[in-house]
**Student:** 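I'd like to ask you about the structure that follows.
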Amino acid sequence: MPELPEVECVVRSLRPWLEGSRISAVEIRSRLAAGGDPASLCRFLAGRRIASARRRGKFILFELAPGFCAIHLRMTGRLLWNGGTGPYTRAVFELDRGRLLLDDVRQFARIYAGLDLPETVAKLGPEPLELTAAEFRGRLLARRGRIKAVLLDQRFLAGLGNIYVDEALHRARIHPLQPAGTLTARRAEGLHGAIVEVLSEAIAAGGSSISDYVDGMGARGAFQLQHRVYGRGGEACPRCGAAVRRIAVAQRGTHFCPRCQRLQ
DNA sequence: ATCTATTCCTGGCTGC
DNA sequence: TGCAGCCAGGAATAGA
């Protein structure tokens with residue numbers, strides 16, 4: 001599922017085609033994708049120029065002239081340049097140099113557009129790759145919940161999802177149920193480093209393609225081959241050899257090594 | 001305020 | 001082979 005690294009790769013692959021382009025028309029094929037009001041979304045977007053295309057958390061954000069368009073791929077959404085339309089095509093953006101498709105089997109993906117930045121984007125926490133370890137530690141201290149739930153909260157930190165939270169906690173040797181505010185400065189710093197490391201490596205590998213993810217050109221990522229615990233319940237921990245456990249935390253499948261990651 | 005449970009959605013998998 | 005039933009989960013929403 002697209003998390004920060006996947007969305008970053010989508011944006012990088014599409015940016016050359018999108019920036020400076022004018023949206024001539026938008027066709028919405030799924031009412032859900034447009035948040036219930038396809039007509040006004042199309043009306044707003046038609047004729048506007050995309051000044052820049054960038055990522056914010058897990059959102060793909062177009063700065064328009066004027067206004068904003070934000071796209072969230074959720075679980076199975078794909079943004080594809082000049083692909084063929086199919087039964088799962090939910091929206092078609094006609095642009096100067098081609099067309100951009102939003103495909104999504106499960107109809108969770110959403111498109112927002114308006115003169116103001118959508119509220120959900122405005123309320124996002126800081127970017128993990130732009131935050132210092134000290135700032136990260138400070139934010140952690142203010143939280144009461146379990147570390148996994150806190151890291152999944154987009155208002156705390158923008159862009160982490162289930163895969164990269166499990167992978168970062170394993171690298172930092174922190175148990176997913178550890179209360180966030182109890183991490184020592186040293187361990188919080190280690191977690192910050194693990195987050196930066198895993199996200200950077202994942203971006204370099206083109207993201208994780210587990211089932212649906214591909215970038216804007218249809219290319220799969222390779223980082224799923226480097227997952228150490230995510231999706232590996234029952235397998236040997238690559239660090240110590242103990243069997244990776246799978247539990248539920250915050251209604252999410254959670255993978256961790258019971259030997260390397262101990263509650264403290 | 002803060003945390004937890006539910007809902008949305010459907011392809012793929014499991015088990016009978 | 002067929003099919004019912006369950007599972008995956010990001011974020012909005014409702015409930016505690």
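The sequence lines fix the lettering, A, B, ..., with proteins before strands; numbering per chain opens at 1. This one's a predicted model, so the numbers in the text were calculated from it and none came from an experiment.
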**Student:** Gln178(A) side chain to Arg146(A) main-chain N or O, any donor-acceptor pair under 3.5 Å?
**Tutor:**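 Looks like no, no N/O pair under 3.5 Å.
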**Student:** CZ of Arg29(A) versus C1' of dC9(B): gap in Å, rounded?
**Tutor:**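 Distance check: Arg29(A) CZ to dC9(B) C1' gives 19 Å.
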**Student:** Enumerate, atom names and distances included, each donor-acceptor pair closer than 3.5 Å involving a side-chain atom of residues 257-264 of chain A, sequence neighbours excluded.
**Tutor:**
residue   : atom : partner   : partner atom : Å
Arg259(A) : NH1  : Cys240(A) : O            : 3.3
Gln261(A) : OE1  : Cys257(A) : N            : 2.7
Gln261(A) : NE2  : Leu169(A) : O            : 3.4
Gln261(A) : NE2  : Ile174(A) : O            : 2.9
Arg262(A) : NE   : Arg259(A) : O            : 3.3
Gln264(A) : OE1  : Arg187(A) : NH1          : 3.3

**Student:** Check this for me: does any side-chain nitrogen of one of Glu135(A) and Arg139(A) sit under 4.0 Å from a carboxylate oxygen of the other?
**Tutor:**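 No, no charged N to carboxylate O under 4.0 Å.
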**Student:** Need to verify one output field. Residue with the more 5' nearest nucleotide on DNA chain C, Gly253(A) or Thr120(A)?
**Tutor:** Gly253(A)
**Student:** Whole-Å distance between dG10(C) C1' and Asp212(A) CG?
**Tutor:**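 Taking CG of Asp212(A) and C1' of dG10(C), I get 14 Å after rounding.
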**Student:** Check this for me, if you would: do Glu6(A) and Lys58(A) make a salt bridge, where the nitrogen-to-carboxylate-oxygen distance has to be below 4.0 angstrom?
**Tutor:** no
**Student:** For a quick test of reading the model: is some side-chain N or O of His72(A) closer than 4.0 Å to OP1 or OP2 of dG10(C)?
**Tutor:** no
**Student:** Is there a stack between Phe108(A) and dA11(C), judged by ring centres under 5.5 Å and planes under 30°?
**Tutor:** no
**Student:** Nearest whole Å is fine: how far is dA12(C) P from Arg74(A) CZ?
**Tutor:** 6 Å
**Student:** State whether Tyr230(A) places a side-chain N or O below 4.0 Å from either non-bridging phosphate oxygen (OP1 or OP2) of dG9(C).
**Tutor:** yes
**Student:** Which part of the nucleic acid, if any, lies within contact of Leu32(A), taking any heavy atom under 4.0 Å across all strands shown: a base, the sugar-phosphate backbone alone, or nothing?
**Tutor:** sugar-phosphate
**Student:** For a quick check of understanding: with a heavy-atom distance under 4.0 Å over all strands, which category does Tyr88(A) fall into, base, sugar-phosphate or nothing?
**Tutor:**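 Sugar-phosphate only.
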**Student:** Any side-chain heavy atom of Phe156(A) sitting closer than 4.5 Å to one from Phe136(A)?
**Tutor:** yes
**Student:** Nearest whole angstrom, please: distance from the P of dC8(B) to the CZ of Arg31(A).
**Tutor:**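 So the CZ-P distance, Arg31(A) to dC8(B), works out to 17 Å.
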**Student:** Suppose we call two aromatic rings close when their centres sit under 6.0 Å apart. Are Phe256(A) and His170(A) close by that rule?
**Tutor:** no
**Student:** In whole Å, I'd like the distance from the CD1 atom of Ile111(A) to the C1' atom of dA11(C).
**Tutor:**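 Answer to the nearest Å: 16 Å.
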**Student:** For Arg74(A), does its backbone N or O pair with a side-chain atom of His72(A) as donor and acceptor, under 3.5 Å?
**Tutor:**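 Checking the backbone N and O of Arg74(A) against the side chain of His72(A), a donor-acceptor pair under 3.5 Å is found.
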**Student:** Please report the shortest heavy-atom distance between Val244(A) and Arg232(A), naming the atom on each side.
**Tutor:**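 Minimum heavy-atom separation between Val244(A) and Arg232(A): CB-O, 3.4 Å.
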**Student:** When you compare the side chain of Cys237(A) with that of Val229(A), does any pair of heavy atoms fall below 4.5 Å?
**Tutor:**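 Side chain of Val229(A) against side chain of Cys237(A), heavy atoms only: no contact under 4.5 Å found.
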**Student:** Under 4.0 Å, heavy atoms only, any strand: does Tyr213(A) hit a base, just the sugar-phosphate, or nothing?
**Tutor:**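 No contact.
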**Student:** Could you check how far CE of Met75(A) sits from C1' of dA11(C), rounded to whole Å?
**Tutor:**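 Taking CE of Met75(A) and C1' of dA11(C), I get 11 Å after rounding.
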**Student:** Of the candidate nucleotides dT10(B), dA12(C), dG9(C), which contains the atom at the shortest distance from the side chain of Tyr112(A)?
**Tutor:**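 Closest nucleotide to the Tyr112(A) side chain: dA12(C).
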**Student:** Between atom CD in Glu3(A) and atom P in dG10(C), what is the gap in whole Å?
**Tutor:** 6 Å
**Student:** Expressed as a whole number of angstroms, how long is the span from Gln107(A):CD to dA11(C):C1'?
**Tutor:** 16 Å
**Student:** Between the protein and nucleotides 2-6 of chain B, which nitrogen or oxygen pairs come in under 3.5 angstrom?
**Tutor:**
residue : atom : partner   : partner atom : Å
dC3(B)  : OP1  : Gly145(A) : N            : 3.1
dA5(B)  : OP2  : Gln251(A) : NE2          : 2.6

**Student:** Has the side chain of Arg106(A) got a donor or acceptor that lies under 3.5 Å from a partner of the other kind on the base of dG9(C)?
**Tutor:** yes
**Student:** What's the angle between the local helix axes at either end of the helix from dT2(B)-dA16(C) to dC16(B)-dG2(C), using five pairs per end and rounding to 10 degrees?
**Tutor:** 50°
**Student:** Taking any heavy-atom pair under 4.0 Å as a contact, classify Met1(A): base, sugar-phosphate, or nothing.
**Tutor:** sugar-phosphate
**Student:** Please give me the minimum heavy-atom distance between Ile210(A) and Gln224(A), naming the atom from each residue.
**Tutor:**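 That closest heavy-atom pairing would be CG1-CB, 4.3 Å.
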